[in-house]
Participant: 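First the structure, then my questions, so here it is.
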Amino acid sequence: MAMSEFQIARAGDFEGREITLRGWLYNLRESGKIRFPIFRDGSGLMQAVVSKAEVSEAVWQRVGELTQESSVLARGTIHREPRAPGGFELVLRDLEVLQRVPEDDPYPIAPKEHGVDFLLSHRHLWIRSARQSALLRIRHEVVRAIREFFDSRGFFLTDAPILTPAACEGTTTLFGLDYFDLGQAYLTQSGQLYVEATAAALGKVYCFGPTFRAEKSKTRRHLTEFWMVEPEVAFATLDDLMKLGEDLVCHIIERVLQRRRPELEALERDTKRLERIKPPFPRISYDEALKLLHEKGSQLPWGEDLGGADETLLSEHFEKPVIIHRYPTKAKAFYMEPDPARPELALCMDMLAPEGFGEIIGGSQRLSSYELLRQRLREHNLPEEAFGWYLDLRRYGSVPHGGFGLGIERTTAWIAGIPHIRETIPFPRLLYRIYP
RNA sequence: UCCCCGGUAGCUCAAUGGUAGAGCAUUCGGCUGUUAACCGAAGGGUUGCAGGUUCGAGUCCUGCCCGGGGAGCCA
């Protein structure tokens with residue numbers, strides 16, 4: 001796209017110039033002999049003004065007959081105008097209608113409140129709304145910042161397969177499918193095991209892709225298909241991982257604040273709360289977290305994983321994301337390295353976003369001992385044959401290493417201040433919803 | 001899977017067991033600086049489905065279907 005091409009988001013650069021806006025009608029207001037069509041072009045919204053006295057009768061008519069979401073080429077001049085939302089206004093001279101939405105079958109999403117069911121059923125249109133498109137632009141910025149972060153630190157992108165032969169973590173439910181003559185295959189629930197292999201090949205790596213969980217979760221924090229970035233680092237210790245996660249999250253926040261201010265404002269996000277997100281983040285051990293929870297009235301017994309309510313309590317207690325490390329081994333996955341100082345604890349960490357948003361990162365230092373890994377597989381009733389290649393990583397040059405997964409939708413929801421992660425992905429996949 | 005809530009006009013919602021209504025959207029009319037503009041008018045209904053109670057059911061009962069919120073599990 002040429003630099004000189006007009007975009008609403010860069011309207012200021014075009015002040016005083018004659019431009020062609022290519023977009024859609026968002027809304028039309030009129031008052032006798034003056035009309036205010038509001039257009040959108042994907043980058044933002046812009047009000048245009050048309051006075052009956054100043055355009056041809058044909059243009060006046062065409063503007064008046066515009067229906068919501070009709071596609072247009074609008075020509076005119078950009079003027080600074082404090083009364084217009086956004087501060088700039090298009091003084092319309094000519095209008096070409098590409099497709100006029102017929103009035104007997106109008107655009108279904110009116111400029112008013114709608115219910116969740118209706119909006120999700122019209123997700124393909126809902127994403128045109130100001131809020132939803134702002135949210136998707138923020139998601140884009142989150143993804144871009146993540147790639148920048150790892151690429152600039154010498155990480156290699158090594159994507160993990162989406163079709164896998166077995167469960168990564170055994171316990172969780174997987175989406176299964178027929179794989180030709182080889183029988184049952186599954187959609188991946190994590191790329192972690194594979195990035196452990198690529199980390200041993202390339203040192204510092206990450207994978208970034210969709211992940212699938214067939215759990216029947218029905219909450220504001222769950223999707224059956226979601227996106228996750230999973231860095232994995234050879235020779236990394238738990239402390240290295242906590243630092244890496246902290247730096248990553250800070251970089252994402254910084255970039256979104258820098259590049260997506262208008263979108264954050266459109267969503268009425270309190271950006272002061274994001275500006276406070278600077279290192280260091282508080283780090284507390286599971287034991288300390290439990291003590292804090294007990295002071296707040298929780299009755300969670302030692303040894304059990306934190307529940308949703310516990311996470312909310314903790315994440316509301318801190319202004320910044322809080323890192324909780326060293327959970328009891330028995331509450332965690334089979335592949336985590338035990339703490340040499342206290343073997344009943346795992347060298348793992350979760351990061352909880354503040355304001356009650358909860359877990360955005362989960363990670364650990366991985367088991368590096370061949371013998372201990374085999375023992376854990378047996379304890380978890382996992383088929384050793386399926387993990388032969390994974391055990392090989394401990395047979396040939398095993399090193400301390402670790403990584404974590406960061407959920408894109410949860411991170412975006414937190415940064416944008418949206419309670420529901422279903423709005424942070426273009427087409428959410430939910431327990432009772434696979435259309436559109 | 002379990003618990004809770006809901007389903008009435010295209011949409012958001014009203015309607016003591018007694019003639020199904022409003023706002024938005026659509027159409028028509030009015031208004032030269034509107035901000036989900038405003039003012040006036042019109043069209044628009046198998047009250048999720050199937051039974052039952054009743055003189056009479058949108059409303060009460062039973063079953064089913066479809067959603068939403070939460071729990072467990074996790075990012």
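Lettering follows sequence order; numbering is per chain, from 1. In this text, all values refer to a predicted model and were calculated from it rather than measured experimentally.
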Participant: What are the two closest non-hydrogen atoms of Tyr194(A) and Pro165(A), and how far apart are they?
Facilitator: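 Heavy-atom minimum between the residues: OH-CD, 3.5 Å.
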Participant: NA contact type, Asp105(A), heavy-atom cut-off 4.0 Å: base, sugar-phosphate, or nothing?
Facilitator: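 Nothing: the residue Asp105(A), judged by heavy atoms under 4.0 Å, touches no strand.
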Participant: Taking all non-hydrogen atoms of both residues, which atom of Pro108(A) and which atom of His122(A) are closest, and how far apart?
Facilitator: CG-CD2, 3.9 Å
Participant: Name each donor-acceptor pair under 3.5 Å that joins a side chain in residues 260-267 of chain A to protein atoms two or more places apart or in another chain, with its distance.
Facilitator:
from: Arg260(A); atom 1: NE; to: Glu141(A); atom 2: OE1; distance (Å): 2.9
from: Arg260(A); atom 1: NH1; to: Glu263(A); atom 2: OE2; distance (Å): 3.2
from: Arg260(A); atom 1: NH2; to: Glu141(A); atom 2: OE1; distance (Å): 3.3
from: Arg261(A); atom 1: NE; to: Leu257(A); atom 2: O; distance (Å): 3.1
from: Arg261(A); atom 1: NH1; to: Thr271(A); atom 2: OG1; distance (Å): 3.4
from: Arg261(A); atom 1: NH1; to: Glu275(A); atom 2: OE2; distance (Å): 3.2
from: Arg261(A); atom 1: NH2; to: Glu275(A); atom 2: OE2; distance (Å): 2.8
from: Glu263(A); atom 1: OE2; to: Arg137(A); atom 2: NE; distance (Å): 2.6

Participant: Classify Glu113(A) by what it touches in the nucleic acid, base, sugar-phosphate, or nothing, heavy-atom distance under 4.0 Å.
Facilitator: base
Participant: For the pair Arg213(A) and Glu225(A), find out whether any cationic side-chain nitrogen is under 4.0 Å from an anionic carboxylate oxygen.
Facilitator: no
Participant: Once side chain to side chain donor-acceptor pair (under 3.5 Å) is applied, what residue pairs with a partner in residues 244-253 of chain A remain, sequence neighbours excluded?
Facilitator: Glu148(A)-His251(A), Arg153(A)-Asp247(A), Lys243(A)-Asp247(A), Glu246(A)-Arg283(A)
Participant: Step through it carefully: locate the ring centre of Tyr206(A), locate the ring centre of Phe404(A), and say whether they are under 6.0 Å apart.
Facilitator: no
Participant: Of all of residues 313-327 of chain A, which get a heavy atom below 4.0 angstrom from RNA chain B, listed by number?
Facilitator: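 Listed by number, there are none.
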Participant: Output one line per pair: protein atom, nucleotide atom from nucleotides 20-25 of chain B, and distance, for all N/O pairs under 3.5 Å.
Facilitator:
from: G23(B); atom 1: N2; to: Lys112(A); atom 2: NZ; distance (Å): 2.4

Participant: Categorize Ile408(A) for me: base, sugar-phosphate, or nothing, with a 4.0 angstrom heavy-atom threshold over every strand shown.
Facilitator: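 No contact at all - Ile408(A) keeps every heavy atom at 4.0 Å or more from the nucleic acid.
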Participant: Got more than 12 heavy atoms from elsewhere within 6.0 Å of CZ, Phe427(A)?
Facilitator: yes
Participant: Taking the minimum atom-to-atom distance to the side chain of Arg221(A), which one of C74(B), U12(B), G72(B) wins?
Facilitator: C74(B)
Participant: Using whole Å, report how far CG of Leu223(A) lies from P of C73(B).
Facilitator: 19 Å
Participant: Step by step, would you call Arg128(A) with Glu69(A) a salt bridge (Lys or Arg N to Asp or Glu O under 4.0 Å)?
Facilitator: CA-CA 9 Å; Arg128(A) 299 183 184 192; Glu69(A) 287 301 319; 2.9 Å; yes
Participant: List the atom of Cys207(A), the atom of Leu157(A), and the distance in Å for their closest heavy-atom pair.
Facilitator: CA-CD1, 4.2 Å
Participant: Should Arg62(A) and Asp94(A) count as an ion pair when the cut-off is N to O under 4.0 Å?
Facilitator: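 Counted as a salt bridge, because a side-chain N and a carboxylate O are separated by less than 4.0 Å.
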Participant: Which side-chain N or O atoms in residues 49-58 of chain A pair as donor and acceptor under 3.5 Å with protein atoms at least two apart or in another chain?
Facilitator:
from: Lys52(A); atom 1: NZ; to: Glu57(A); atom 2: OE1; distance (Å): 3.4
from: Ser56(A); atom 1: OG; to: Val59(A); atom 2: N; distance (Å): 3.2

Participant: Give a yes or no on whether a salt bridge exists between Glu96(A) and Arg75(A), defined as a side-chain N under 4.0 angstrom from a carboxylate O.
Facilitator: yes
Participant: Whom does G58(B) pair with, Watson-Crick or G-U wobble, provided both distances fall under 3.5 Å?
Facilitator: none
Participant: So which pairs with a foot in residues 101-120 of chain A pass side chain to side chain donor-acceptor pair (under 3.5 Å), sequence neighbours left out?
Facilitator: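 Those involving residues 101-120 of chain A are Arg100(A)-Glu103(A), Asp117(A)-Arg433(A).
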Participant: For the base of C73(B), is there a side-chain donor-acceptor partner from Ser217(A) under 3.5 Å away?
Facilitator: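 Indeed there is one.
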Participant: Check nucleotides 30-34 of chain B for protein N or O atoms closer than 3.5 Å to its own N or O atoms and list the pairs.
Facilitator:
from: C31(B); atom 1: N3; to: Gly32(A); atom 2: N; distance (Å): 3.1
from: U32(B); atom 1: OP2; to: Lys33(A); atom 2: N; distance (Å): 3.3
from: U32(B); atom 1: O4'; to: Ser31(A); atom 2: O; distance (Å): 3.4
from: G33(B); atom 1: O2'; to: Arg83(A); atom 2: NH1; distance (Å): 3.1
from: G33(B); atom 1: N1; to: Glu89(A); atom 2: OE1; distance (Å): 3.1
from: G33(B); atom 1: N1; to: Glu89(A); atom 2: OE2; distance (Å): 3.3
from: G33(B); atom 1: N2; to: Gln47(A); atom 2: NE2; distance (Å): 3.2
from: G33(B); atom 1: N2; to: Glu89(A); atom 2: OE2; distance (Å): 2.3
from: U34(B); atom 1: O2'; to: Arg29(A); atom 2: NE; distance (Å): 3.4
from: U34(B); atom 1: O2; to: Arg29(A); atom 2: NE; distance (Å): 2.8
from: U34(B); atom 1: O2; to: Arg29(A); atom 2: NH2; distance (Å): 3.2
from: U34(B); atom 1: N3; to: Gln47(A); atom 2: OE1; distance (Å): 2.9
from: U34(B); atom 1: N3; to: Gln47(A); atom 2: NE2; distance (Å): 3.0
from: U34(B); atom 1: O4; to: Gln47(A); atom 2: NE2; distance (Å): 2.8
from: U34(B); atom 1: O4; to: Arg83(A); atom 2: O; distance (Å): 3.0

Participant: Give me the residues of residues 133-146 of chain A where at least one heavy atom lies under 4.0 Å from an atom of RNA chain B, by number, or none.
Facilitator: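 Of all residues in residues 133-146 of chain A, none places a heavy atom under 4.0 Å from RNA chain B.
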Participant: Looking across every strand, which nucleic acid part, if any, lies under 4.0 Å from Phe226(A) by heavy atom: base, sugar-phosphate, or nothing?
Facilitator: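 Base contact - Phe226(A) has a heavy atom under 4.0 Å of at least one base atom.
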Participant: Please write out the pairs of protein N or O atoms and N or O atoms of nucleotides 65-68 of chain B separated by less than 3.5 Å, giving the distance to one decimal.
Facilitator:
from: G67(B); atom 1: OP1; to: Tyr432(A); atom 2: O; distance (Å): 3.1
from: G67(B); atom 1: O3'; to: Arg433(A); atom 2: NH2; distance (Å): 3.3
from: G68(B); atom 1: OP1; to: Arg433(A); atom 2: NE; distance (Å): 3.3
from: G68(B); atom 1: O3'; to: Arg422(A); atom 2: NH1; distance (Å): 3.4
from: G68(B); atom 1: N7; to: Lys218(A); atom 2: NZ; distance (Å): 3.3

Participant: Can you list the steps and then say if Arg326(A) with Leu347(A) is a side-chain contact (heavy atoms from CB on, under 4.5 Å)?
Facilitator: CA-CA 5 Å; Arg326(A) 293 179 173 82; Leu347(A) 291 176; 3.8 Å; yes
Participant: Can you tell me how far C1' in C60(B) sits from the matching atom in U47(B), rounded to whole Å?
Facilitator: 16 Å
Participant: Can you tell me how far C1' in G23(B) sits from the matching atom in C38(B), rounded to whole Å?
Facilitator: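 One C1' to the other, the span is 14 Å.
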Participant: With respect to the side chain of His222(A), which nucleotide from G70(B), C74(B), U27(B) is positioned closest?
Facilitator: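 Closest of the options to the side chain of His222(A): C74(B).
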Participant: State which residues pass side chain to side chain donor-acceptor pair (under 3.5 Å) with Glu319(A); sequence neighbours excluded, sorted by chain then number.
Facilitator: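 Side chain to side chain donor-acceptor pair (under 3.5 Å) list for Glu319(A), sorted by chain: Arg276(A).
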Participant: What's the shortest heavy-atom distance between Ala331(A) and Gly303(A), and which atoms?
Facilitator: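 What the structure gives for the nearest pair is CB-O, 3.5 Å.
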Participant: Show the numbers, then the answer: is there a side-chain contact (heavy atoms from CB on, under 4.5 Å) between Leu66(A) and Leu95(A)?
Facilitator: CA-CA 10 Å; Leu66(A) 277 179; Leu95(A) 179 82; 3.9 Å; yes
Participant: Given the C1' atoms of C11(B) and U26(B), what is the spacing between them in whole Å?
Facilitator: 12 Å
Participant: Between Glu409(A) and Arg139(A), is the closest basic N to carboxylate O distance under 4.0 Å?
Facilitator: yes
Participant: Distance between the P atoms of C74(B) and C3(B), in whole angstroms?
Facilitator: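 Result for the P pair: 23 Å, nearest Å.
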Participant: Would you tabulate the nitrogen or oxygen pairs shorter than 3.5 Å linking the protein to nucleotides 43-49 of chain B?
Facilitator:
none

Participant: Can you sort out the partners of Tyr327(A) under side chain to side chain donor-acceptor pair (under 3.5 Å), two or more places apart, ordered by chain and number?
Facilitator: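 For Tyr327(A) the side chain to side chain donor-acceptor pair (under 3.5 Å) partners, ignoring immediate neighbours, are Asp350(A).
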Participant: Taking atom P in both U62(B) and G6(B), what distance in whole Å separates the two?
Facilitator: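 Their P atoms lie roughly 14 Å apart.
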Participant: Provide the distance between the two P atoms, one in C49(B) and one in U8(B), to the nearest whole Å.
Facilitator: 10 Å
Participant: Could you measure between the two P atoms, the one in G45(B) and the one in G67(B), and give it in whole Å?
Facilitator: 26 Å
Participant: C39(B) and C24(B): how far apart are their C1' atoms, nearest whole angstrom?
Facilitator: 16 Å
